[in-house]
Enquirer: 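Pasting a structure here, questions to come.
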Amino acid sequence: MTGTATDLSFAAWLDDRRPRIESAMRRCMDEMASVVPAELLAAVEDGVMSGGKRLRPLLLVTACEETGGRPGDALYDLSVSVELIHAYSLIHDDLPSMDDAPLRRGRPTVHVVHGVHTATYAGAVLIPWAAAWACRSARAAGCTASAARGIAAHMLEAAGAGGMIGGQALDLLSEGRSLTEEELAALHGLKTGALLAASLEMGAMASRAGDPVLRAIGDYGRALGLAFQVMDDVLDATGSAEVLGKRPSDAEMEKSTYVGLLGVDGARRRAEEHIARGLAALDDTGLAAPRLRQLAHFVIQRKR
């Protein structure tokens, strides 16, 4: 059975944007080569250019488009900044002191190839580079100096103790404990949801969207982040390391998961409920945003 016209249109839209994101990633790495030693750059590139869904850059670019912006190369460059933060988090998440993961995206992890010391520095150097890249790219995209600084600061806040890093700390402290669904949602709202929401909000900020739209985009993003994590748990429980391209699983790490709490079918239903809540936030503001709606369904229908 072939896909619908809408499905095919969405696939073509993704096929158009992903190469533009990869080109922007390459521009960023080429510039980084002028300031980072070759050995460290090799580890950075392994962490940044090893593939992935590129969901966060997609969300940033789409939010800008859907709120009236006209994305060019500078906006795609801005979208790279959130992927750099995501890449740093994965490099550090895989370290022996954290998850001690040997495999990521079907390949040996950065510390396995380059050593723990180099991998630690490779992750750390991405943080200030991402902030500088975000500020510069936002200026090139037409933002004022103040707005560009605000966009970069918003990303760093989402990545810090009140967002991704805070969620990671809670995740480590929660190993071997049975969390309630409310506790699990709070953890992942920080660890996963904060940067996803910030990606969307940064795109809307770049298009100079008003406060009501920014709030709706943020609410949508936080709901999307929870749905994404619920589906990660489902895929972790139902897929193999060969298909998913990563080890170890959360079950092996004795982490609480949505599947453990709700079962596979219950977790899928919960993901759909989160998506419905996110779409309702767009509805409440009268934001049509068809591509954001399609991306929401893409998140819960993905296979890896």
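FYI, the numbering just counts along the sequence from 1. All of these numbers come straight from a predicted model, not from anything done at the bench.
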Enquirer: Using the six-membered ring of F228, assess whether NZ or CZ of R302 lies under 6.0 Å from its centre and within 45 degrees of the ring axis.
Expert: yes

Enquirer: Could you check whether H111 and D94, counting side-chain N and O atoms only, form a donor-acceptor pair closer than 3.5 Å?
Expert: no

Enquirer: Show the nearest heavy-atom pair for residues S207 and T67, with the distance to one decimal.
Expert: OG-OG1, 2.6 Å

Enquirer: Does the pair D46 and R107 meet the rule for a side chain to side chain contact (heavy atoms under 4.5 Å, CB included), with working shown?
Expert: CA-CA 10 Å; D46 270 4; R107 301 170 55 177; 3.8 Å; yes

Enquirer: Say whether T109 and R104, considering side chains only, have a donor N or O and an acceptor N or O under 3.5 Å apart.
Expert: no

Enquirer: Taking side chain to side chain contact (heavy atoms under 4.5 Å, CB included) as the criterion, tell me which of V230, L226, L261 meets it with L184.
Expert: L261

Enquirer: As a test of understanding, state which of D236, D99, D232 forms a salt bridge (charged side-chain N to carboxylate O under 4.0 Å, His left out) with K255.
Expert: D99

Enquirer: Looking at I165, L170, D171, which one forms a side chain to side chain contact (heavy atoms under 4.5 Å, CB included) with L190?
Expert: L170

Enquirer: Roughly how far apart are I217 CD1 and E201 CD, rounded to 0.5 Å?
Expert: 8.5 Å

Enquirer: Return the orientation label for the Y258 and H188 ring planes: parallel under 30°, perpendicular over 60°, tilted otherwise.
Expert: tilted

Enquirer: Can you label the angle between the F10 ring and the W13 ring as parallel, tilted or perpendicular, going by 30° and 60°?
Expert: parallel

Enquirer: With rounding to the nearest 0.5 angstrom, report the CG to CZ distance, L58 to R18.
Expert: 6.0 Å

